[in-house]
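Below is one structure; the comments refer to it alone.
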Number of protein chains: 2
Amino acid sequence: MARPADPNAQGALIAAARKEFVRAGVKGARIEDITHACGLSKGAFYLHFDSKEELFGQVVGEFMALVQKRVKAREEDITAFFMRNGPLREQDVRKKSARHEAFLALEVKHDRGLLETIWNYRDIFDVLMRGSQGTAFDGLVWEMVQREIERIKDSFEIFKQYGACRTDVPSEIFGSLVVGTYLLVAKQMSLLQAPPNFDLWVESLHRLIREGSAPPLQPQRQAKARRAGGKVTMQRRNKRSRP
Amino acid sequence: MARPADPNAQGALIAAARKEFVRAGVKGARIEDITHACGLSKGAFYLHFDSKEELFGQVVGEFMALVQKRVKAREEDITAFFMRNGPLREQDVRKKSARHEAFLALEVKHDRGLLETIWNYRDIFDVLMRGSQGTAFDGLVWEMVQREIERIKDSFEIFKQYGACRTDVPSEIFGSLVVGTYLLVAKQMSLLQAPPNFDLWVESLHRLIREGSAPPLQPQRQAKARRAGGKVTMQRRNKRSRP
DNA sequence: GCCATTTCTAACCCGCGGGTCATAAACTGC
DNA sequence: GCAGTTTATGACCCGCGGGTTAGAAATGGC
């Protein structure tokens, strides 16, 4: 053996490519720009990948596998929960019973997990969303979105049957609200350098979605970070001023 | 004068181009595909437009002008409202006072109007969202989204000061929820043939955002269409079954 | 040092698609 | 029908960027 290959080359190429994809989309990214960004020549690219699409596909593959795992884990957890505890009823929600709280905790946990997964691939997520039209990856996120809407719609429908949620809005609308919210939050992450306070975000969203934006009857405690991961970006604290 | 120009040519080109943009994005759309789709030759395209970007820009310009008008109209209406009525207070929201209801009606009206505008350009909106990365139009919708989040954040913050909304969630999060929801709903419109029931959608969203998804204490009436525009797509009626 | 071997470079090829233009076609006025 | 004028065509040009490859560079084994 002779002339060992540059061990960082592949990693550097992937990193540079991800940046280029963000800048110009899958179609718009130029291989020469990618290689120049890490001091390599165009030819070097083809020592590691067949095409930029293949590279993108690899990273997307990793990402989607992780997401898939998350989705499956949630499904299992949720079905296990209902097997063990039976459906939530109106009184569970009204009185915030232990079962209800346990269910919420489960949802929070999985929402947080999904957000964290997306955080690590927020650049790719961004590109899938806004820069892969007309490529093989076209529609990937949007199909995922559709499936999630469907899932939430079905879940909402079951809740309706037991009076555990309001019945005066179409379930699809609720699905769009939840998924749209998380979708934008995920997209917004692509603008951040440091990870946000996931707990604050998820807890706030859950509170809003569950209880609405109108002032509650009970006294309010601030949604707070259990575990402030990294620098907190949305640390705005409410002043609770009231004239 | 001799040989009058085909009077539908320009319109046909625009229509065909919009379809192509949806299929392949701004970059991916090919001029020959556009012209062939309306039985014209490539050269004919350049009798009407300098480039596909110029064509796209024209339509985007129309769209953004309409949106701008809507945004400005809302701003004026809202400031006029607060000039006339003063800020909403906790009791307005709690008791659903006339002022509060008037304010809500205003918001509903403008949300509905914006959705209707987007409806007419839902294809363009879709392309701006997911198929204009790396072009001059890159980021247009996302900047709009950012501005809207900011607007809602500011408004929420004022509400907080008067106790007219919950104070235990960051205002940005609320902004992301509202804008994300409408963003996804707008995007979903690109999949529909016939216009949805705007009133049902907007009223349901308002109800959810204001009061949350948990079952309310008051008896629920179905959100209904005042004016069912066209075929209603999300007409699912709730069964209100409760075991 | 020198060969063998693998890595890496940069010049090259080539197809695709945007943009042009000589030419043909269509129409008006006479 | 003919001249004049505007519209439309499609062959052509050409640059850009993906992919290839001959050969240079680097390194290990001897």
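Note that the coordinates shown come from a computational prediction; the quantities given were computed from them, not determined experimentally. Quick note on labels: first sequence line is chain A, next is B, and so on, each numbered from 1.
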Please evaluate residues B/L183 and A/L183 with respect to the criterion side-chain contact (heavy atoms from CB on, under 4.5 Å), reporting the C-alpha separation (whole Å), side-chain torsions for both, the decisive distance (0.1 Å), and the verdict. CA-CA 9 Å; B/L183 196 61; A/L183 197 61; over 6 Å; no

Does atom CD (B/E54) have a neighbourhood of more than 12 heavy atoms from anything else shown, all under 6.0 Å? yes

The side chain of B/L47 lies closest to which of these nucleotides: D/dG10, D/dT27, D/dT7? D/dT7

May I ask you to test the A/W119-A/L192 pair for a side-chain heavy-atom distance under 4.5 Å? yes

May I have the distance from A/D6 (atom CG) to C/dT9 (atom C1'), rounded to whole angstrom? 14 Å

How would nucleotides 14-25 of chain D be written as a contact map, 5' to 3', with B for base contact, S for sugar-phosphate-only contact and - for no contact, using protein heavy atoms under 4.0 Å? ---SBBB----B

Greater than 12 external heavy atoms within 6.0 Å of B/E75's CD: no

Measure from CD on B/Q10 to C1' on D/dA8 and round the result to the nearest Å. 15 Å

Base, sugar-phosphate alone, or nothing: which one does A/A5 contact when heavy atoms must sit under 4.0 Å apart? sugar-phosphate

Parallel, tilted or perpendicular, as decided by the 30° and 60° cut-offs, for the rings of B/F81 and B/F103: tilted

Tell me, with the steps shown, if B/K19 and B/D123 meet salt bridge (Lys or Arg N to Asp or Glu O under 4.0 Å). CA-CA 8 Å; B/K19 271 202 197 105; B/D123 54 345; over 6 Å; no

Do A/Y182 and A/V202 have side chains that approach each other closer than 4.5 Å (heavy atoms only, starting at C-beta)? yes

Starting from Watson-Crick (N1-N3 plus N6-O4 or O6-N4) and G-U wobble pairs under 3.5 Å, report the runs of at least three that DNA chain C belongs to. C:1-30 with D:1-30

Check the distance between C/dG19's P and B/E54's CD and give it to me in whole angstrom. 11 Å

Working for side-chain contact (heavy atoms from CB on, under 4.5 Å), residues B/R130 and A/M129: CA-CA 6 Å; B/R130 56 183 264 271; A/M129 213 164 153; over 6 Å; no

